[in-house]
Protein chains: 2
Amino acid sequence: MARAVPETHAEILAAAGRRFAVTGYKGTSLQDIAREVGVSKATVLYHFANKEALLSELMAPELAAVVELDERIAGLGGDRAQRVAAEGFVDLAVRFRRQIALLRGEFPVLLQQPAFAHVQQISERLVAAFAGHSPHPAARVAALVVLAGIAETCGEFDDLDDDELREALLGLVRRALVPPADPPPPGSSSTQDGSTTTV
Amino acid sequence: MARAVPETHAEILAAAGRRFAVTGYKGTSLQDIAREVGVSKATVLYHFANKEALLSELMAPELAAVVELDERIAGLGGDRAQRVAAEGFVDLAVRFRRQIALLRGEFPVLLQQPAFAHVQQISERLVAAFAGHSPHPAARVAALVVLAGIAETCGEFDDLDDDELREALLGLVRRALVPPADPPPPGSSSTQDGSTTTV
DNA sequence: TCAGGGTCTGACCGATCGGTCAGGCATGCT
DNA sequence: AGCATGCCTGACCGATCGGTCAGACCCTGA
(Lines give C-alpha, C1' and ligand atoms only; values in the text may rest on other atoms or scores of the structure.)
Protein backbone atom coordinates (compact mmCIF):
# COMPACT_ATOMS: atom_id res chain seq x y z
CA MET A 1 0.00 0.00 0.00
CA ALA A 2 1.21 3.51 -0.90
CA ARG A 3 4.06 2.45 -3.12
CA ALA A 4 6.12 5.60 -3.84
CA VAL A 5 7.80 4.37 -7.00
CA PRO A 6 6.66 1.25 -8.82
CA GLU A 7 9.71 -0.76 -7.76
CA THR A 8 7.36 -3.62 -7.17
CA HIS A 9 8.96 -5.67 -9.94
CA ALA A 10 12.31 -5.70 -8.21
CA GLU A 11 10.74 -6.32 -4.82
CA ILE A 12 8.89 -9.35 -6.11
CA LEU A 13 12.08 -10.67 -7.64
CA ALA A 14 13.95 -10.27 -4.38
CA ALA A 15 11.18 -11.86 -2.35
CA ALA A 16 11.02 -14.79 -4.76
CA GLY A 17 14.75 -15.32 -4.33
CA ARG A 18 14.39 -15.35 -0.58
CA ARG A 19 11.45 -17.76 -0.58
CA PHE A 20 12.96 -20.11 -3.16
CA ALA A 21 16.09 -20.29 -1.03
CA VAL A 22 14.10 -21.44 1.97
CA THR A 23 11.33 -23.64 0.60
CA GLY A 24 12.58 -24.37 -2.92
CA TYR A 25 11.00 -23.56 -6.25
CA LYS A 26 8.23 -26.13 -6.20
CA GLY A 27 7.69 -25.60 -2.50
CA THR A 28 7.09 -21.88 -2.86
CA SER A 29 3.70 -20.64 -4.03
CA LEU A 30 2.96 -17.37 -5.77
CA GLN A 31 0.83 -16.60 -2.74
CA ASP A 32 3.89 -16.95 -0.50
CA ILE A 33 5.86 -14.50 -2.62
CA ALA A 34 2.98 -12.04 -2.82
CA ARG A 35 2.50 -12.17 0.94
CA GLU A 36 6.18 -11.43 1.56
CA VAL A 37 6.06 -8.35 -0.67
CA GLY A 38 2.71 -7.24 0.67
CA VAL A 39 0.83 -7.34 -2.62
CA SER A 40 -1.75 -9.64 -4.10
CA LYS A 41 -0.95 -12.77 -6.04
CA ALA A 42 -2.49 -11.14 -9.10
CA THR A 43 0.12 -8.40 -8.86
CA VAL A 44 2.90 -10.97 -9.02
CA LEU A 45 1.34 -12.32 -12.19
CA TYR A 46 0.92 -8.81 -13.55
CA HIS A 47 4.70 -8.30 -13.38
CA PHE A 48 5.69 -11.81 -14.47
CA ALA A 49 4.00 -13.89 -17.13
CA ASN A 50 4.10 -16.97 -14.90
CA LYS A 51 6.05 -18.65 -12.15
CA GLU A 52 8.72 -19.97 -14.47
CA ALA A 53 9.36 -16.50 -15.92
CA LEU A 54 10.05 -15.34 -12.38
CA LEU A 55 12.65 -18.04 -11.93
CA SER A 56 14.38 -17.50 -15.24
CA GLU A 57 14.62 -13.74 -14.74
CA LEU A 58 16.02 -14.46 -11.29
CA MET A 59 18.62 -16.78 -12.74
CA ALA A 60 19.49 -14.84 -15.89
CA PRO A 61 22.95 -13.61 -14.78
CA GLU A 62 23.98 -17.02 -13.49
CA LEU A 63 22.73 -18.70 -16.63
CA ALA A 64 24.71 -16.32 -18.82
CA ALA A 65 27.85 -16.99 -16.82
CA VAL A 66 27.46 -20.74 -17.19
CA VAL A 67 26.92 -20.42 -20.93
CA GLU A 68 30.03 -18.30 -21.18
CA LEU A 69 32.08 -20.87 -19.27
CA ASP A 70 30.76 -23.60 -21.55
CA GLU A 71 31.87 -21.65 -24.61
CA ARG A 72 35.29 -21.09 -23.13
CA ILE A 73 35.73 -24.83 -22.64
CA ALA A 74 34.44 -25.86 -26.05
CA GLY A 75 37.15 -27.25 -28.27
CA LEU A 76 39.74 -27.55 -25.54
CA GLY A 77 41.56 -30.86 -25.14
CA GLY A 78 41.40 -33.00 -22.01
CA ASP A 79 44.13 -31.40 -19.95
CA ARG A 80 43.34 -27.74 -20.64
CA ALA A 81 39.58 -28.34 -20.59
CA GLN A 82 39.84 -29.83 -17.14
CA ARG A 83 41.86 -26.95 -15.74
CA VAL A 84 39.68 -24.25 -17.28
CA ALA A 85 36.45 -26.00 -16.29
CA ALA A 86 37.57 -26.60 -12.73
CA GLU A 87 38.81 -23.09 -12.08
CA GLY A 88 35.91 -21.51 -13.95
CA PHE A 89 33.32 -23.56 -12.12
CA VAL A 90 34.82 -22.88 -8.72
CA ASP A 91 34.79 -19.21 -9.58
CA LEU A 92 31.11 -19.35 -10.51
CA ALA A 93 30.25 -21.36 -7.43
CA VAL A 94 31.86 -18.77 -5.18
CA ARG A 95 30.48 -15.73 -6.99
CA PHE A 96 26.94 -17.04 -7.22
CA ARG A 97 26.79 -19.21 -4.15
CA ARG A 98 23.77 -17.38 -2.74
CA GLN A 99 21.80 -17.86 -5.94
CA ILE A 100 22.94 -21.44 -6.38
CA ALA A 101 21.87 -22.15 -2.83
CA LEU A 102 18.29 -21.34 -3.67
CA LEU A 103 18.27 -24.17 -6.17
CA ARG A 104 19.19 -26.62 -3.42
CA GLY A 105 17.80 -29.95 -4.36
CA GLU A 106 15.87 -28.67 -7.32
CA PHE A 107 18.34 -29.17 -10.13
CA PRO A 108 16.57 -32.27 -11.44
CA VAL A 109 13.23 -30.48 -11.51
CA LEU A 110 14.56 -27.27 -12.95
CA LEU A 111 16.57 -28.87 -15.71
CA GLN A 112 13.35 -30.25 -17.11
CA GLN A 113 11.74 -26.85 -17.46
CA PRO A 114 11.85 -25.19 -20.89
CA ALA A 115 13.84 -22.17 -19.72
CA PHE A 116 16.67 -24.46 -18.59
CA ALA A 117 16.54 -27.02 -21.34
CA HIS A 118 20.02 -26.38 -22.74
CA VAL A 119 21.59 -26.20 -19.30
CA GLN A 120 21.26 -29.97 -19.17
CA GLN A 121 23.61 -30.36 -22.12
CA ILE A 122 25.97 -27.73 -20.80
CA SER A 123 26.27 -29.49 -17.48
CA GLU A 124 27.00 -32.75 -19.23
CA ARG A 125 29.82 -31.10 -21.17
CA LEU A 126 31.07 -29.60 -17.91
CA VAL A 127 31.18 -33.00 -16.25
CA ALA A 128 33.06 -34.40 -19.24
CA ALA A 129 35.59 -31.59 -18.97
CA PHE A 130 35.96 -32.24 -15.22
CA ALA A 131 36.80 -35.82 -16.11
CA GLY A 132 39.38 -34.58 -18.61
CA HIS A 133 37.30 -36.30 -21.30
CA SER A 134 38.45 -39.58 -19.83
CA PRO A 135 36.10 -42.58 -19.89
CA HIS A 136 37.86 -44.14 -16.90
CA PRO A 137 35.40 -44.82 -14.04
CA ALA A 138 37.64 -43.14 -11.49
CA ALA A 139 37.76 -39.96 -13.55
CA ARG A 140 34.05 -39.91 -14.29
CA VAL A 141 33.01 -40.62 -10.72
CA ALA A 142 35.33 -37.98 -9.31
CA ALA A 143 34.10 -35.44 -11.85
CA LEU A 144 30.41 -35.92 -11.20
CA VAL A 145 30.69 -36.22 -7.43
CA VAL A 146 32.81 -33.11 -7.06
CA LEU A 147 30.76 -31.01 -9.46
CA ALA A 148 27.43 -32.00 -7.95
CA GLY A 149 28.81 -31.70 -4.44
CA ILE A 150 30.03 -28.17 -5.02
CA ALA A 151 26.76 -27.11 -6.64
CA GLU A 152 24.79 -28.61 -3.81
CA THR A 153 26.80 -27.25 -0.91
CA CYS A 154 28.55 -24.02 -1.95
CA GLY A 155 25.79 -21.97 -0.36
CA GLU A 156 26.29 -23.51 3.05
CA PHE A 157 29.58 -21.92 4.02
CA ASP A 158 28.28 -18.63 5.29
CA ASP A 159 31.17 -18.25 7.70
CA LEU A 160 33.80 -18.28 4.95
CA ASP A 161 34.53 -15.24 2.82
CA ASP A 162 34.95 -15.56 -0.93
CA ASP A 163 38.71 -16.01 -0.85
CA GLU A 164 38.63 -18.68 1.83
CA LEU A 165 35.93 -20.63 0.04
CA ARG A 166 37.65 -20.34 -3.34
CA GLU A 167 40.90 -21.54 -1.82
CA ALA A 168 39.24 -24.53 -0.18
CA LEU A 169 37.31 -25.50 -3.30
CA LEU A 170 40.32 -25.15 -5.60
CA GLY A 171 42.36 -27.31 -3.27
CA LEU A 172 39.65 -29.92 -3.20
CA VAL A 173 39.25 -29.94 -6.96
CA ARG A 174 43.01 -30.24 -7.54
CA ARG A 175 43.23 -33.16 -5.16
CA ALA A 176 40.05 -34.94 -6.21
CA LEU A 177 40.01 -34.87 -9.97
CA VAL A 178 42.12 -37.46 -11.77
CA PRO A 179 44.47 -36.11 -14.45
CA PRO A 180 43.52 -37.08 -18.00
CA ALA A 181 47.16 -37.81 -18.94
CA ASP A 182 47.74 -41.29 -20.40
CA PRO A 183 44.67 -43.52 -20.07
CA PRO A 184 45.30 -46.41 -17.63
CA PRO A 185 45.68 -49.88 -19.16
CA PRO A 186 42.34 -51.69 -19.39
CA GLY A 187 42.05 -55.24 -18.16
CA SER A 188 43.16 -55.07 -14.55
CA SER A 189 40.22 -53.63 -12.67
CA SER A 190 41.54 -53.08 -9.18
CA THR A 191 44.84 -51.30 -9.66
CA GLN A 192 45.70 -49.12 -6.71
CA ASP A 193 46.38 -45.96 -8.68
CA GLY A 194 48.14 -44.24 -5.83
CA SER A 195 47.84 -40.50 -5.52
CA THR A 196 49.34 -37.97 -7.99
CA THR A 197 46.69 -35.43 -8.72
CA THR A 198 47.28 -31.69 -8.95
CA VAL A 199 45.27 -30.31 -11.87
CA MET B 1 -7.92 -57.01 -11.36
CA ALA B 2 -7.70 -60.63 -10.26
CA ARG B 3 -4.95 -60.30 -7.68
CA ALA B 4 -3.93 -63.88 -6.85
CA VAL B 5 -2.27 -63.25 -3.52
CA PRO B 6 -2.55 -59.96 -1.66
CA GLU B 7 0.99 -58.93 -2.45
CA THR B 8 -0.40 -55.50 -3.13
CA HIS B 9 1.46 -54.04 -0.19
CA ALA B 10 4.83 -54.96 -1.66
CA GLU B 11 3.78 -53.91 -5.14
CA ILE B 12 2.76 -50.48 -3.93
CA LEU B 13 6.06 -50.14 -2.13
CA ALA B 14 7.99 -51.06 -5.25
CA ALA B 15 5.96 -48.75 -7.45
CA ALA B 16 6.44 -45.89 -5.00
CA GLY B 17 10.19 -46.47 -5.14
CA ARG B 18 10.16 -46.34 -8.91
CA ARG B 19 8.05 -43.19 -9.07
CA PHE B 20 9.94 -41.38 -6.32
CA ALA B 21 13.15 -42.11 -8.21
CA VAL B 22 11.82 -40.43 -11.34
CA THR B 23 9.73 -37.52 -10.11
CA GLY B 24 10.84 -37.18 -6.51
CA TYR B 25 8.84 -37.49 -3.32
CA LYS B 26 6.94 -34.25 -3.52
CA GLY B 27 6.57 -34.59 -7.27
CA THR B 28 4.90 -37.97 -7.03
CA SER B 29 1.21 -38.19 -6.16
CA LEU B 30 -0.55 -41.12 -4.54
CA GLN B 31 -2.59 -41.24 -7.74
CA ASP B 32 0.62 -41.78 -9.74
CA ILE B 33 1.62 -44.68 -7.53
CA ALA B 34 -1.84 -46.21 -7.60
CA ARG B 35 -1.97 -45.98 -11.38
CA GLU B 36 1.38 -47.74 -11.74
CA VAL B 37 0.22 -50.65 -9.58
CA GLY B 38 -3.20 -50.76 -11.20
CA VAL B 39 -5.22 -50.11 -8.05
CA SER B 40 -7.15 -47.16 -6.72
CA LYS B 41 -5.65 -44.38 -4.67
CA ALA B 42 -7.83 -45.52 -1.77
CA THR B 43 -6.06 -48.87 -1.86
CA VAL B 44 -2.71 -47.22 -1.44
CA LEU B 45 -4.06 -45.46 1.64
CA TYR B 46 -5.57 -48.70 2.89
CA HIS B 47 -2.11 -50.27 2.99
CA PHE B 48 -0.25 -47.20 4.22
CA ALA B 49 -1.49 -44.70 6.78
CA ASN B 50 -0.31 -41.79 4.64
CA LYS B 51 2.24 -40.75 2.08
CA GLU B 52 5.00 -40.28 4.63
CA ALA B 53 4.48 -43.76 6.05
CA LEU B 54 5.08 -45.07 2.55
CA LEU B 55 8.38 -43.25 2.36
CA SER B 56 9.62 -44.27 5.77
CA GLU B 57 8.77 -47.94 5.22
CA LEU B 58 10.59 -47.67 1.90
CA MET B 59 13.64 -46.24 3.60
CA ALA B 60 13.65 -48.34 6.76
CA PRO B 61 16.64 -50.55 5.88
CA GLU B 62 18.74 -47.61 4.70
CA LEU B 63 17.84 -45.62 7.78
CA ALA B 64 18.85 -48.48 10.04
CA ALA B 65 22.18 -48.82 8.25
CA VAL B 66 22.92 -45.12 8.64
CA VAL B 67 22.09 -45.24 12.34
CA GLU B 68 24.39 -48.22 12.74
CA LEU B 69 27.23 -46.40 10.98
CA ASP B 70 26.68 -43.39 13.21
CA GLU B 71 26.95 -45.56 16.31
CA ARG B 72 30.11 -47.15 15.01
CA ILE B 73 31.72 -43.72 14.61
CA ALA B 74 30.61 -42.32 17.96
CA GLY B 75 33.50 -41.83 20.33
CA LEU B 76 36.20 -42.36 17.74
CA GLY B 77 38.97 -39.74 17.48
CA GLY B 78 39.66 -37.68 14.36
CA ASP B 79 41.87 -40.07 12.44
CA ARG B 80 39.97 -43.28 13.07
CA ALA B 81 36.59 -41.56 12.81
CA GLN B 82 37.48 -40.25 9.38
CA ARG B 83 38.59 -43.62 8.06
CA VAL B 84 35.60 -45.51 9.46
CA ALA B 85 33.13 -42.85 8.32
CA ALA B 86 34.57 -42.65 4.83
CA GLU B 87 34.71 -46.38 4.22
CA GLY B 88 31.39 -46.96 5.91
CA PHE B 89 29.65 -44.25 3.96
CA VAL B 90 31.06 -45.39 0.64
CA ASP B 91 29.88 -48.86 1.46
CA LEU B 92 26.37 -47.61 2.18
CA ALA B 93 26.34 -45.44 -0.94
CA VAL B 94 27.22 -48.42 -3.11
CA ARG B 95 24.88 -50.88 -1.40
CA PHE B 96 21.89 -48.56 -1.37
CA ARG B 97 22.58 -46.47 -4.42
CA ARG B 98 19.25 -47.33 -6.00
CA GLN B 99 17.34 -46.22 -2.93
CA ILE B 100 19.47 -43.15 -2.40
CA ALA B 101 18.90 -42.18 -6.01
CA LEU B 102 15.20 -41.83 -5.38
CA LEU B 103 15.91 -39.11 -2.87
CA ARG B 104 17.68 -37.07 -5.54
CA GLY B 105 17.35 -33.47 -4.64
CA GLU B 106 14.91 -34.07 -1.81
CA PHE B 107 17.20 -34.35 1.17
CA PRO B 108 16.36 -30.86 2.41
CA VAL B 109 12.64 -31.56 2.23
CA LEU B 110 12.86 -35.01 3.71
CA LEU B 111 15.05 -34.09 6.61
CA GLN B 112 12.30 -31.81 7.83
CA GLN B 113 9.74 -34.59 8.03
CA PRO B 114 9.13 -36.19 11.42
CA ALA B 115 10.22 -39.64 10.33
CA PHE B 116 13.67 -38.34 9.41
CA ALA B 117 14.15 -35.82 12.19
CA HIS B 118 17.16 -37.45 13.80
CA VAL B 119 18.85 -38.10 10.47
CA GLN B 120 19.69 -34.41 10.35
CA GLN B 121 21.88 -34.73 13.45
CA ILE B 122 23.40 -37.96 12.23
CA SER B 123 24.42 -36.41 8.95
CA GLU B 124 26.01 -33.51 10.78
CA ARG B 125 28.08 -35.94 12.86
CA LEU B 126 29.00 -37.78 9.67
CA VAL B 127 30.24 -34.58 8.05
CA ALA B 128 32.29 -33.78 11.14
CA ALA B 129 33.83 -37.24 10.99
CA PHE B 130 34.61 -36.77 7.28
CA ALA B 131 36.46 -33.62 8.24
CA GLY B 132 38.41 -35.55 10.86
CA HIS B 133 36.79 -33.28 13.45
CA SER B 134 38.97 -30.49 12.08
CA PRO B 135 37.64 -26.91 12.05
CA HIS B 136 39.95 -25.98 9.16
CA PRO B 137 37.98 -24.61 6.18
CA ALA B 138 39.74 -26.91 3.73
CA ALA B 139 38.77 -29.95 5.78
CA ARG B 140 35.17 -28.86 6.30
CA VAL B 141 34.60 -27.90 2.67
CA ALA B 142 36.09 -31.13 1.38
CA ALA B 143 34.01 -33.16 3.81
CA LEU B 144 30.67 -31.59 2.97
CA VAL B 145 31.24 -31.42 -0.77
CA VAL B 146 32.35 -35.03 -1.05
CA LEU B 147 29.63 -36.37 1.22
CA ALA B 148 26.84 -34.44 -0.47
CA GLY B 149 28.26 -35.17 -3.90
CA ILE B 150 28.32 -38.92 -3.27
CA ALA B 151 24.81 -38.90 -1.86
CA GLU B 152 23.54 -36.91 -4.78
CA THR B 153 25.19 -38.86 -7.58
CA CYS B 154 25.83 -42.43 -6.46
CA GLY B 155 22.69 -43.58 -8.22
CA GLU B 156 23.81 -42.29 -11.58
CA PHE B 157 26.51 -44.81 -12.37
CA ASP B 158 24.35 -47.58 -13.75
CA ASP B 159 27.12 -48.84 -16.00
CA LEU B 160 29.47 -49.57 -13.11
CA ASP B 161 29.14 -52.68 -10.97
CA ASP B 162 29.41 -52.46 -7.20
CA ASP B 163 33.13 -53.18 -7.08
CA GLU B 164 34.01 -50.63 -9.72
CA LEU B 165 31.94 -47.94 -8.07
CA ARG B 166 33.29 -48.71 -4.60
CA GLU B 167 36.83 -48.57 -5.93
CA ALA B 168 36.25 -45.22 -7.64
CA LEU B 169 34.54 -43.69 -4.62
CA LEU B 170 37.15 -44.93 -2.16
CA GLY B 171 39.88 -43.49 -4.36
CA LEU B 172 38.10 -40.19 -4.54
CA VAL B 173 37.50 -40.02 -0.82
CA ARG B 174 41.12 -40.86 -0.03
CA ARG B 175 42.36 -38.17 -2.36
CA ALA B 176 39.81 -35.49 -1.48
CA LEU B 177 39.55 -35.54 2.30
CA VAL B 178 42.25 -33.75 4.21
CA PRO B 179 43.91 -35.74 7.00
CA PRO B 180 43.14 -34.48 10.49
CA ALA B 181 46.75 -34.97 11.64
CA ASP B 182 48.29 -31.90 13.24
CA PRO B 183 46.05 -28.84 12.88
CA PRO B 184 47.58 -26.30 10.45
CA PRO B 185 48.99 -23.13 12.02
CA PRO B 186 46.40 -20.39 12.12
CA GLY B 187 47.32 -16.95 10.81
CA SER B 188 48.56 -17.66 7.31
CA SER B 189 45.43 -18.11 5.23
CA SER B 190 46.75 -19.13 1.83
CA THR B 191 49.25 -21.90 2.47
CA GLN B 192 49.47 -24.27 -0.45
CA ASP B 193 49.01 -27.46 1.51
CA GLY B 194 50.32 -29.70 -1.24
CA SER B 195 48.88 -33.16 -1.65
CA THR B 196 49.42 -36.05 0.77
CA THR B 197 46.02 -37.47 1.54
CA THR B 198 45.33 -41.21 1.78
CA VAL B 199 42.78 -41.83 4.53
C1' DT C 1 -26.02 -71.20 5.24
C1' DC C 2 -24.49 -67.41 7.28
C1' DA C 3 -21.38 -64.27 9.81
C1' DG C 4 -17.16 -61.83 9.83
C1' DG C 5 -12.95 -60.06 8.53
C1' DG C 6 -9.62 -58.68 4.95
C1' DT C 7 -9.29 -56.25 0.65
C1' DC C 8 -10.59 -52.92 -2.50
C1' DT C 9 -13.37 -49.23 -4.60
C1' DG C 10 -15.88 -44.79 -6.23
C1' DA C 11 -17.46 -40.76 -4.51
C1' DC C 12 -16.39 -37.20 -1.96
C1' DC C 13 -13.92 -33.57 1.10
C1' DG C 14 -11.33 -29.20 2.08
C1' DA C 15 -7.16 -27.10 0.81
C1' DT C 16 -4.03 -25.28 -2.35
C1' DC C 17 -2.02 -24.77 -6.67
C1' DG C 18 -1.00 -21.62 -11.06
C1' DG C 19 -3.46 -18.66 -13.71
C1' DT C 20 -7.47 -15.43 -15.71
C1' DC C 21 -10.42 -11.50 -15.80
C1' DA C 22 -13.13 -7.38 -15.27
C1' DG C 23 -12.85 -3.51 -12.94
C1' DG C 24 -10.99 0.23 -9.51
C1' DC C 25 -7.94 3.89 -8.84
C1' DA C 26 -4.62 7.04 -9.43
C1' DT C 27 -1.75 9.95 -12.68
C1' DG C 28 -0.72 12.69 -16.59
C1' DC C 29 -1.53 14.22 -21.32
C1' DT C 30 -4.67 16.65 -24.55
C1' DA D 1 -13.06 18.21 -18.44
C1' DG D 2 -12.25 14.04 -20.64
C1' DC D 3 -9.54 10.22 -21.74
C1' DA D 4 -5.84 6.83 -21.89
C1' DT D 5 -2.46 4.32 -19.53
C1' DG D 6 -0.06 1.89 -15.78
C1' DC D 7 -0.61 -0.48 -11.63
C1' DC D 8 -3.11 -3.18 -8.68
C1' DT D 9 -7.02 -5.87 -6.78
C1' DG D 10 -10.79 -9.42 -5.35
C1' DA D 11 -13.27 -12.90 -7.19
C1' DC D 12 -13.08 -16.68 -9.64
C1' DC D 13 -11.50 -20.87 -12.56
C1' DG D 14 -10.19 -25.82 -13.35
C1' DA D 15 -6.89 -29.01 -11.78
C1' DT D 16 -4.69 -31.59 -8.40
C1' DC D 17 -3.26 -32.61 -3.92
C1' DG D 18 -3.55 -35.89 0.49
C1' DG D 19 -6.96 -38.01 2.89
C1' DT D 20 -11.87 -40.00 4.50
C1' DC D 21 -15.78 -42.99 4.27
C1' DA D 22 -19.56 -46.17 3.41
C1' DG D 23 -20.19 -49.99 1.10
C1' DA D 24 -19.17 -53.97 -2.34
C1' DC D 25 -16.75 -58.15 -3.04
C1' DC D 26 -14.48 -62.03 -1.82
C1' DC D 27 -12.78 -66.00 1.17
C1' DT D 28 -12.96 -68.77 5.25
C1' DG D 29 -14.60 -71.00 9.35
C1' DA D 30 -18.49 -72.19 12.11
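All values derive from a computational prediction rather than experimental measurement. Below, chain A is the first sequence line, B the second, and so on; all start at residue 1.
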Considering just the side-chain nitrogens and oxygens of [X], establish if one lies under 4.0 Å of OP1 or OP2 belonging to [N].
{"X": "A/Ser40", "N": "D/dC8", "result": "no"}
{"X": "B/Thr8", "N": "C/dT7", "result": "no"}
{"X": "A/Tyr46", "N": "D/dC8", "result": "no"}
{"X": "A/His47", "N": "D/dC8", "result": "yes"}

Rounding to an integer number of Å, can you tell me how far [X] [atom1] sits from [N] [atom2]?
{"X": "A/Lys51", "N": "C/dG18", "atom1": "NZ", "atom2": "P", "answer": "4 Å"}
{"X": "B/Leu45", "N": "D/dA22", "atom1": "CG", "atom2": "P", "answer": "16 Å"}
{"X": "B/Arg35", "N": "C/dT9", "atom1": "CZ", "atom2": "C1'", "answer": "16 Å"}
{"X": "A/His9", "N": "D/dC8", "atom1": "NE2", "atom2": "P", "answer": "11 Å"}
{"X": "A/Phe48", "N": "D/dC8", "atom1": "CZ", "atom2": "P", "answer": "11 Å"}
{"X": "B/Ile33", "N": "D/dG18", "atom1": "CD1", "atom2": "P", "answer": "8 Å"}
{"X": "A/Lys26", "N": "C/dT16", "atom1": "NZ", "atom2": "P", "answer": "18 Å"}
{"X": "B/Gln31", "N": "D/dG18", "atom1": "CD", "atom2": "P", "answer": "9 Å"}

Any sub-3.5 Å donor-acceptor pair from [X]'s side-chain atoms to [Y]'s backbone N or O?
{"X": "A/Lys41", "Y": "A/Ser29", "result": "no"}
{"X": "A/Thr23", "Y": "A/Phe20", "result": "no"}
{"X": "B/Gln82", "Y": "B/Val178", "result": "yes"}

Below 4.0 angstrom, N of the basic side chain to O of the carboxylate: do A/Asp158 and A/Arg98 qualify?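 Yes, charged N to carboxylate O under 4.0 Å.
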
Just by distance, with hydrogens left out, do A/Glu57 and A/His9 show a side-chain donor and acceptor under 3.5 Å apart?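 Distance-only check passes for A/Glu57 and A/His9.
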
On the side chain of A/Lys41, is there an atom forming a donor-acceptor pair with the base of C/dG18 - under 3.5 Å, no angle test?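 Under the 3.5 Å cut-off, the side chain and the base do form a donor-acceptor pair.
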
Counting any heavy atom closer than 4.0 Å, what does A/Ser29 reach on the DNA or RNA strands: base, sugar-phosphate only, or nothing?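 A/Ser29: backbone/sugar contact only, no base atoms under 4.0 Å.
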
So what does A/Leu30 hit on the nucleic acid, given a heavy-atom distance under 4.0 Å: a base, only sugar-phosphate, or nothing?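 Here A/Leu30 touches the backbone only, sparing every base.
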
Out of D/dC7, D/dG10, D/dC17, which nucleotide sits closest to the side chain of A/Ala42?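 Nucleotide nearest to A/Ala42's side chain: D/dG10.
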
Out of C/dG18, D/dT9, D/dG19, whichever nucleotide has its closest atom nearest the side chain of B/Asn50: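 The nucleotide sitting nearest to the side chain is D/dG19.
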
